[in-house]
Amino acid sequence: MTTSLPLSPIPDTDWPTEIANMLEGFAGQLNVYRLMAHHPSLLQAWADLRDHVVNGTALGAERSEIVILRTGHLLGSTYEWAHHVVRGRKAGLSDARIAKLAGSVGDMQPEDALLAQAVDQLFEQKALTPRVQQDLTALVGNAGMLDLIATVGFYSTLAYMLNSFDPPLDEAVAQALAKAPLFER
């Protein structure tokens, strides 16, 4: 998707002074947050939730990446997908396992299938069924189930921004994928 919209990632030279303290942290590292910097108070409010979803989730890194990849796939966010292929690998996911997250739940290993099914239900039914709630609670506890829902919501919001404004893929991710493209099954 090629666009020439007014919102693009803000360069260091134009970074808003009211969030100058965020430039050296997560916000200055990724184009999605440089895009969000057009609304400094939103980016500031976003920071605490981002910290929890990214660093404090009860899902753990591997399960979180499964949820994020499925969300990014369902929303058609190539930026989010690319970033989380790289992050998923770092979390321990194989390329074959990552590729399956863009396919049928029936082709996934049981735990991945449950997490992907939960994401699918949130998109399709806007709620988790009692059976999926029970299975998720057995797998990740109540906190993990709530974190799954929050992760889908968080990354859906990012995908809406990414799909709307199509910022360029961050250089480190582009290089990592050029060096090691995703194995397609």
Side-chain angles (χ1 to χ4, degrees), residues 1-57 59 61-62 64-103 116 119 122-123 150-185:
M1 170 167 74
T2 305
T3 61
S4 58
L5 296 171
L7 291 184
S8 59
I10 296 177
D12 289 0
T13 55
D14 297 329
W15 192 258
T17 57
E18 61 266 45
I19 54 171
N21 64 320
M22 297 181 84
L23 180 59
E24 296 302 317
F26 80 92
Q29 296 174 12
L30 299 176
N31 283 333
V32 65
Y33 296 119
R34 286 180 172 273
L35 177 73
M36 197 183 289
H38 284 278
H39 191 345
S41 61
L42 174 62
L43 185 54
Q44 286 176 317
W46 193 261
D48 286 339
L49 180 58
R50 180 211 166 267
D51 185 56
H52 176 79
V53 169
V54 172
N55 300 314
T57 179
L59 292 171
E62 189 174 306
S64 180
E65 290 303 320
I66 291 164
V67 170
I68 296 164
L69 283 160
R70 186 64 170 193
T71 301
H73 165 69
L74 292 176
L75 288 167
S77 177
T78 55
Y79 179 104
E80 212 57 73
W81 178 264
H83 271 263
H84 290 279
V85 165
V86 173
R87 281 187 48 192
R89 287 172 171 164
K90 288 178 184 173
L93 299 175
S94 69
D95 281 7
R97 205 166 153 203
I98 291 169
K100 286 182 180 183
L101 292 170
V119 174
L122 291 171
F123 278 94
T151 300
V152 170
F154 180 90
Y155 281 95
S156 292
T157 301
L158 286 181
Y160 297 144
M161 291 179 192
L162 292 163
N163 290 348
S164 295
F165 305 110
D166 197 25
L169 193 58
D170 296 284
E171 189 61 31
V173 171
Q175 288 177 0
L177 290 175
K179 186 176 181 179
L182 178 65
F183 162 76
E184 297 293 335
R185 51 183 187 132

Query raised in the report: Can you tell if the side chain of Leu93 reaches within under 4.5 Å of the side chain of Leu69, non-hydrogen atoms only?
Result: yes
Query - Minimum side-chain heavy-atom gap Arg97-Glu62 below 4.5 Å - result: yes
Report summary line: d(Trp46 CH2, His39 NE2) to nearest 0.5 Å is 11.5 Å
Report task. Calculate, to the nearest 0.5 Å, the distance between atoms CD and CD belonging to Glu18 and Gln44 respectively. Result ->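 Reported value, rounded in 0.5 Å steps: 7.5 Å.
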Requested in this report: Determine the sole option in Leu182, Ile66, Val86 for which the side chain to side chain contact (heavy atoms under 4.5 Å, CB included) test with Ile98 is passed.
Outcome: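 Answer after filtering Leu182, Ile66, Val86: Leu182.
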Requested in this report: Check each of Leu122, Leu74, Ile68 against Val152 using the side chain to side chain contact (heavy atoms under 4.5 Å, CB included) test, and report the only one that passes.
Outcome: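 Filter result, single survivor: Leu122.
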Query raised in the report: What do the steps show when you test Tyr155 against His84 for side-chain contact (heavy atoms from CB on, under 4.5 Å), and what is the final call?
Result: CA-CA 11 Å; Tyr155 281 95; His84 290 279; 3.5 Å; yes
Requested in this report: Before accepting this row, confirm whether a basic side-chain N of the pair Arg34/Asp14 lies closer than 4.0 Å to the acidic partner's carboxylate O.
Outcome: no
Requested in this report: Can you see which heavy atom on Val53 is nearest to which on Phe154, and at what distance?
Outcome: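 For Val53 and Phe154, the tightest heavy-atom pair comes out as CG1-CD2, 4.0 Å.
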Query raised in the report: Where do Met22 and Leu43 come nearest, in terms of heavy atoms and distance?
Result: CE-O, 3.7 Å
Requested in this report: Please list, chain by chain and in numerical order, all residues satisfying ring pair (Phe, Tyr, Trp, His ring centres under 6.0 Å) with Tyr160, sequence neighbours excluded.
Outcome: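 Once residues adjacent in sequence are excluded, Tyr160 has no partner under the ring pair (Phe, Tyr, Trp, His ring centres under 6.0 Å) criterion.
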Query raised in the report: Can you check whether Ile19's main-chain N or O pairs, donor with acceptor, with Trp15's side chain at less than 3.5 Å?
Result: yes
Per-pair distances, 0.1 Å, donor-acceptor, side chain in residues 169-179, under 3.5 Å, sequence neighbours excluded:
residue : atom : partner : partner atom : Å
Asp170  : OD1  : Asn31   : N            : 2.7
Asp170  : OD1  : Asn31   : ND2          : 3.3
Asp170  : OD2  : Asn31   : N            : 3.4
Asp170  : OD2  : Tyr79   : OH           : 2.3
Asp170  : OD2  : His83   : NE2          : 2.8
Glu171  : OE2  : Gln175  : NE2          : 3.1

**Report entry** Arg50/Asn55 under side-chain contact (heavy atoms from CB on, under 4.5 Å): CA gap, chis, key distance, verdict
**Finding:** CA-CA 8 Å; Arg50 180 211 166 267; Asn55 300 314; 4.1 Å; yes
Query raised in the report: Where do Glu80 and Leu162 land on the side-chain contact (heavy atoms from CB on, under 4.5 Å) test, with the steps shown first?
Result: CA-CA 8 Å; Glu80 212 57 73; Leu162 292 163; 3.1 Å; yes
**Report entry** Step-by-step side-chain contact (heavy atoms from CB on, under 4.5 Å) determination, Tyr33 to Leu158
**Finding:** CA-CA 9 Å; Tyr33 296 119; Leu158 286 181; 3.7 Å; yes
